[in-house]
There are 2 protein chains.
Amino acid sequence: MSTPSQSSGEVPVRSKRADAVRNQQTLLAAAAAVFVTSGVDAPIREIAAKAGVGMGTIYRHFPTRADLVVAVYRHQVEACAEAGPALLAGTDSPFAALRQWVGLFVDFLVTKHGLANALQSDSSGFEALHTYFLDRLVPVCTRLLDAAVEAGEIRPCTQAYELMRGIGNLCVGRDSDPRYDPRRLVELLLQGLRRPDVDAGKR
Amino acid sequence: MSTPSQSSGEVPVRSKRADAVRNQQTLLAAAAAVFVTSGVDAPIREIAAKAGVGMGTIYRHFPTRADLVVAVYRHQVEACAEAGPALLAGTDSPFAALRQWVGLFVDFLVTKHGLANALQSDSSGFEALHTYFLDRLVPVCTRLLDAAVEAGEIRPCTQAYELMRGIGNLCVGRDSDPRYDPRRLVELLLQGLRRPDVDAGKR
DNA sequence: TGACAAAGCGGAACACTGCTCCGTATCGTT
DNA sequence: AACGATACGGAGCAGTGTTCCGCTTTGTCA
């Protein structure tokens, strides 16, 4: 409040040194650039070199690779999360909103080389990434899903967590073959969600 | 020709040395064991150690990791491939056959620690794995799909290749969270395949 | 301004893994 | 038994993640 401290501790927290914040910014920019060309699992050394800092620095600012990835993409994830309620408000078909929102998410994943792979990877250093994405987006997805169920557009059995992971999984390895288009399969998944009133009342 | 040769070449192919075939068997057994405990991307050294051979030997018999994985699981993949036509013949609903067959495939993938991950990985040494699985199973899946389309149970837009990859993707990372069950999502995908007789004008 | 402690930095060093290469051992044949 | 072909073993190189500690920079206080 009065003193420049952002945490709840009462110790006098000295604000970060100027070179530290500078380096953090530099690192974020460098990482973003490297991610584009070499994917999110580019060698740490490469990112450090691009930023012109030593490896100790990168590990100090971002202890795990996931921390760095999250920091780089945080804005886009936030934007995606915030788009959820907006889409829901902008239409009278919650299912259509869900579909649009999922489209946003897929676009995001698909345009980040290797991000989907990393997201599902169980290798060390990526759990936090997984956690952040899910913590932020699952609630949004839940709202959309609930709304669609309430509107009677889909059947109620699916959990948002599972759906999100499924969608993420479908986006893995998009670049390996032009015949594979995650979007088509995600659309299929969403269709599978629909309440089958057609064939129920097929009579 | 007269000499024991199994390939089409006419050079006198001497049969493999006894220790070589012995080692190959030992390696397969060791690899199978290690895959169970450490996953299909266990260190090559570990497999070599388990088999009691040097690393040169393992690379000579199985130049890439995919070759080893394929050799270990070949029988199961073959069994899965052969089950396709059988299932189709055993029912009058091709879609039901497809569903059962997909179930077999999912069971196979899901019980092999990390296999699904490897299958989709674009990392070096796994392309051949990808290729083998797909070459062997896509034709089977195509037949099932075609039959279901012909029977009017599903709509015709989906390619077997894409479906297989989608299913494989959905099986990635099953162990990371008990809330994630690939089977449910695969079922959803299959439901999405169904012909919605709404838009089917021929009714 | 100058001195000093804390904060931050750099990169050498270690561990682990994939993969190659070649001297040596083994096998099968004559 | 001898000998050439075949196969083996593992040292060694290269790439990467991660740690650790001596050195530099920064902010503060007299």
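In what follows, every chain begins at residue 1, and chains take the letters A, B, ... in the order their sequences are listed. Everything quoted here is computed from the prediction, not taken from an experiment.
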Who pairs with [X] by salt bridge (Lys or Arg N to Asp or Glu O under 4.0 Å), at least two apart in sequence or on another chain?
| X | result |
| --- | --- |
| Asp177(A) | Arg179(A) |
| Glu78(A) | Arg136(A) |
| Arg99(A) | Glu187(A) |
| Asp146(A) | none |

With a 4.0 Å cutoff (strictly under), does any side-chain N or O of [X] reach OP1 or OP2 of [N]?
| X | N | answer |
| --- | --- | --- |
| Thr57(A) | dG10(C) | yes |
| Asn23(A) | dC9(C) | yes |
| Arg65(B) | dG18(C) | yes |
| His61(B) | dC8(D) | yes |

For [X], side chain to side chain donor-acceptor pair (under 3.5 Å) partners two or more places apart:
| X | result |
| --- | --- |
| Lys50(A) | none |
| Asn117(B) | none |
| Arg60(A) | none |
| Arg74(B) | none |

Protein and nucleotides 20-23 of chain C: nitrogen or oxygen contacts under 3.5 angstrom:
none

Does atom CZ of Arg184(A) have more than 12 heavy-atom neighbours, drawn from other residues, nucleotides or ligands, at distances under 6.0 Å?
-> yes
Rounded to the nearest angstrom, tell me the gap between atom [atom1] in [X] and atom [atom2] in [N].
| X | N | atom1 | atom2 | answer |
| --- | --- | --- | --- | --- |
| Arg45(A) | dG17(D) | CZ | P | 7 Å |
| Ile44(B) | dG10(D) | CD1 | C1' | 15 Å |
| Phe62(B) | dC8(D) | CZ | C1' | 15 Å |

Non-neighbouring partners of Tyr73(A) that pass ring pair (Phe, Tyr, Trp, His ring centres under 6.0 Å), sequence neighbours left out | Phe108(A)
Note: for Val21(A) and Pro43(B) on DNA chain C, the residue whose nearest nucleotide lies more 5' is Val21(A)
Mapping Thr64(B) and Val53(A) onto DNA chain C by nearest heavy atom, which one lands closer to the 5' end?
-> Val53(A)
Taking DNA chain C as the partner, which of residues 28-39 of chain A come within under 4.0 angstrom of it by heavy atom?
-> none
Write out a two-atom table: protein N or O, nucleotide N or O from nucleotides 23-25 of chain D, distance below 3.5 Å.
from, atom 1, to, atom 2, distance (Å)
dT25(D), O2, Arg17(A), NH1, 2.9
dT25(D), O2, Arg17(A), NH2, 3.1

Any side-chain donor near an acceptor of the partner, Asp67(A) and Thr64(A), under 3.5 Å | yes
